[in-house]
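Let me begin by presenting the structure, written as structure tokens, before commenting on it.
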Amino acid sequence: MEKRVRTRFAPSPTLPLHMGGVRTALYSYLFAKKNSGDFILRIEDTDQNRFVQGAEQYIIDALNWCSIVPDEGIGKGGKFEPYRQSERKPIYRQYAEQLIESGHAYFAFDTAEELEQLRKNAETEKRTFSYDASVRSLLNNSLNLNPDETAKRIAEGKHYVIRLKVEAGEEISFTDLIRGKVVFKSDVIDDKVLLKSDGMPTYHLAHIVDDVLMEITHAIRGEEWLPSAPAHILIYKYLGWENKMPYYAHLPLLLKPDGNGKLSKRDGDRLGFPVFPLQWKDPSSGEISTGYREKGYYAEAFVNMLALLGWNPGTEQEVFSLDELTQLFSFEHIHKAGAKFNPEKTKWFNEQWLQRMNDVEIANRLSTQIANSRKDLTYFIKAVALLKPRVQFENEMLEKGKYLFEAPENYDEQVISKKWKPDLKPFFNSLVAAFASLNDFANSNIETTFKETTAANNLKPGEVLQLLRVFISGQGTVLIYFQCLNYWAEMKWLLD
RNA sequence: GGCCCGUUCGUCUAGGGCUCUAGGACAUCUCCCUUUCACGGAGGAAACACGGGUUCGAUUCCCGUACGGGCUACCA
């Protein structure tokens, strides 16, 4: 029987989760759900220096907003608790020690300063220093020390790390779910640190131990991990876990809209679009970065856009709910190249979702945003029907259709001075009277009434139409005219 | 520099040997609808990075080059 599919999203709580991370989470979620499996949220907080207050909660809130809800993990619990790596600290050491015993890892006593110096020296000689098979016999580690000396140093409390011993001259390959077979030479892989001097594991060790212990079947992550994948393959092998190794899928990166390079927070600031799902306030600087939610995007639209950035359904449909995405998702349709993010198309997705939203629900939300509104819900529903096709965002309706909810604060003087003549006053008075006597405010009625009244006053529509618009809205060019007279009864200000 | 990944309209992408006169969407332009603004409709401009193979036949397969990206920490 096939193993139950289990995927995980394993962010580190160092920065607020940005849209690239959300996409990784989304694909992991979709794949798990498509295969009736589990989606797990694990927090990789092994770097204690980079801990950011509130980041973990932010991740949970952001995923919740997107409806990418874990079945198991942080904030949810599950049979593999704990799901925070800092709380699993003791677990990792035993595997690092197992690797030492089997000869696949060793203690290294080189200090960070020493290594930095070596890197600097190499740089001046236009080489790169890599802690690997070619130099490890020259360095300060248990491979070169006799066992007693090593034991003594450890007993003395000397700082050390545990490094993976990568043998030279091997070929390492694995099959990536998106890229197919990928081959590396072991010579170019360095002896990665497995356990840091503070006793915490590095990502390399921790994610492998946890993926196996938590029975993860598919590890989906960003392409930036591809170069270290062969080291990971080796760790599985040396730990005797070859048959427990999950499939790996390395996702293409999200690129900045202009130029090249991966999308970063800076691009959002520079180009004026959000890179975060939710607003984030940096706890140390107090700096606020806006989020898609705060900008008025629907979570559905945000998720929809993200899903299509690097994946496609193979058809020409573009608007999908999470459920539909779940049905259709597959690795075969993930594009291999990085995708430049397009803020304009993101707005279009929101527009598509807006047009599909229920008018009554929107009206309910909008009506609470207008203080002291005397308009009833029925009025709001009609206004929404009118405004909705003309905007991309729900909250845009309030701005663009302001005059549907309150009298204009000022009137377009230019139009008035150009078009207004005192002898038009009788016409407007009779128009108001004519409208007031209408009991059916169907568009055609209003338009007919308007035309009849102008004709009766020997006027052409063009002579007074723009003025009418100004009287209604304050503006000479405006969204609507006849339709909005549906709300005649509400527009008392017109009588002045 | 080294290693790895990639390369179809400006952008997201479909297509994976003959069906490609390369399809769709966003953006852009023109027209229609509308005495406004949108929506909508019709149409236009716009791409297979380059060079070699393989093949009867390459956008599609292989190799190289160019270009782009990623990685190269006791960060993830």
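Numbered from 1 within each chain, the chains take letters A, B, ... in sequence-line order. What you see below is based on every heavy atom in this structure, not just the backbone, and it leaves out hydrogens, waters and symmetry mates. Remember, it's a predicted structure, so these values are computed and weren't measured experimentally.
- Contact between Glu44(A) and Ser12(A) at its shortest, heavy atoms only, is O-CB, 3.1 Å.
- When distances run from any side-chain atom of Arg163(A) to the nucleotides C74(B), C75(B), U13(B), the shortest one goes to C74(B).
- Although no hydrogens or angles enter the test, the distance criterion places no donor-acceptor pair under 3.5 Å between the side chain of Gln355(A) and the main chain of Gln352(A).
- His250(A) and Leu226(A) make their closest contact through ND1-CD1, 3.3 Å (heavy atoms, listed as atom of the first residue, atom of the second, distance).
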Table of protein N/O atoms under 3.5 Å from nucleotides 44-51 of chain B N/O atoms:
none

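- Residues from residues 180-189 of chain A lying near RNA chain B, meaning a heavy-atom separation below 4.0 Å, are Val182(A), Val183(A), Phe184(A), Val188(A) in numerical order.
- Residue contacts for Val193(A): at a heavy-atom cut-off of 4.0 Å it reaches the sugar-phosphate backbone alone, with no base atom in range.
- Side-chain contact between Tyr298(A) and Tyr292(A) is absent, with no heavy atoms from C-beta onward closer than 4.5 Å.
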Nucleotides 22-29 of chain B: which of its N/O atoms have a protein N/O under 3.5 Å away?
from	atom 1	to	atom 2	distance (Å)
G23(B)	O2'	Glu316(A)	OE2	3.3
G24(B)	O4'	Glu316(A)	OE2	3.2
A25(B)	O4'	Glu318(A)	OE2	2.9
A25(B)	O2'	Glu318(A)	OE2	2.6
A25(B)	O2'	Lys345(A)	NZ	2.6
A25(B)	N3	Lys345(A)	NZ	3.4
C26(B)	OP1	Trp348(A)	NE1	3.2

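- Between His204(A) and His232(A), the two ring planes are tilted [angle within 30° to 60°].
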N/O-N/O pairs, protein side and nucleotides 65-67 of chain B side, under 3.5 Å:
none

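- A donor and an acceptor atom never sit less than 3.5 Å apart when one is taken from the side chain of Arg390(A) and the other from the base of C39(B).
- Contact check, Lys196(A) against A76(B): a side-chain N or O comes under 4.0 Å of OP1 or OP2.
- The heavy-atom pair separating Val166(A) from Ala133(A) by the smallest distance is O-CB, 3.9 Å.
- Residue Thr202(A) places none of its side-chain N or O atoms closer than 4.0 Å to OP1 or OP2 of A76(B).
- Of all the heavy atoms in Val319(A) and Glu324(A), the pair that sits closest is O-OE1, 4.0 Å.
- Whole-Å rounding puts the Asp132(A) CG to A73(B) P distance at 11 Å.
- In this model, the phosphate group of A76(B) is not approached by any side-chain N or O of His204(A) to a distance below 4.0 Å at OP1 or OP2.
- Within the nucleic acid shown, Asn49(A) has no heavy atom closer than 4.0 Å to any nucleic acid atom.
- As judged by a 4.0 angstrom heavy-atom cut-off over every strand, Ala337(A) is placed among residues touching the sugar-phosphate backbone only.
- For the side chain to side chain contact (heavy atoms under 4.5 Å, CB included) with Arg8(A), the lone residue among Asp210(A), Ile216(A), Leu41(A) that qualifies is Ile216(A).
- In this structure, Arg50(A) reaches the bases: a heavy-atom distance under 4.0 Å links it to at least one base atom across the strands shown.
- Using a 4.0 Å heavy-atom distance criterion, Gly314(A) is classed as making no nucleic acid contact.
- Nucleotide G43(B) has C29(B) as its partner under the Watson-Crick or G-U criteria, with both atom distances under 3.5 Å.
- Atom NZ of Lys340(A) is separated from atom C1' of C9(B) by 13 Å (rounded to the nearest Å).
- Within 4.0 Å of His333(A), counting heavy atoms only, lie sugar-phosphate atoms of the nucleic acid but no base atom.
- When the C1' atom of A76(B) is taken as reference, atom CG of Leu194(A) falls 15 Å away, rounded to whole Å.
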Quick test: give all pairs of protein nitrogen or oxygen and nucleotides 69-72 of chain B nitrogen or oxygen below 3.5 Å, distance rounded to 0.1 Å.
from	atom 1	to	atom 2	distance (Å)
G70(B)	OP1	Lys262(A)	N	3.4
C71(B)	OP1	Lys262(A)	NZ	3.2

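- Here U7(B) sits opposite A66(B) as a Watson-Crick or G-U wobble pair (both hydrogen-bonding atom distances under 3.5 Å).
- With Tyr131(A) as the aromatic partner, Arg163(A) meets the cation-pi criteria of under 6.0 angstrom to the ring centre and within 45 degrees of the ring axis.
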With a 3.5 Å cut-off and sequence neighbours excluded, list the donor-acceptor pairs that the side chains of residues 251-263 of chain A form with protein atoms.
from	atom 1	to	atom 2	distance (Å)
Lys256(A)	NZ	Asp267(A)	OD1	3.3
Asp258(A)	OD1	Arg270(A)	NH2	3.1
Asp258(A)	OD2	Arg270(A)	NH1	2.9

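- Relative to the ring axis of Phe109(A), Arg153(A) places its NZ or CZ within 45° and under 6.0 Å from the centre.
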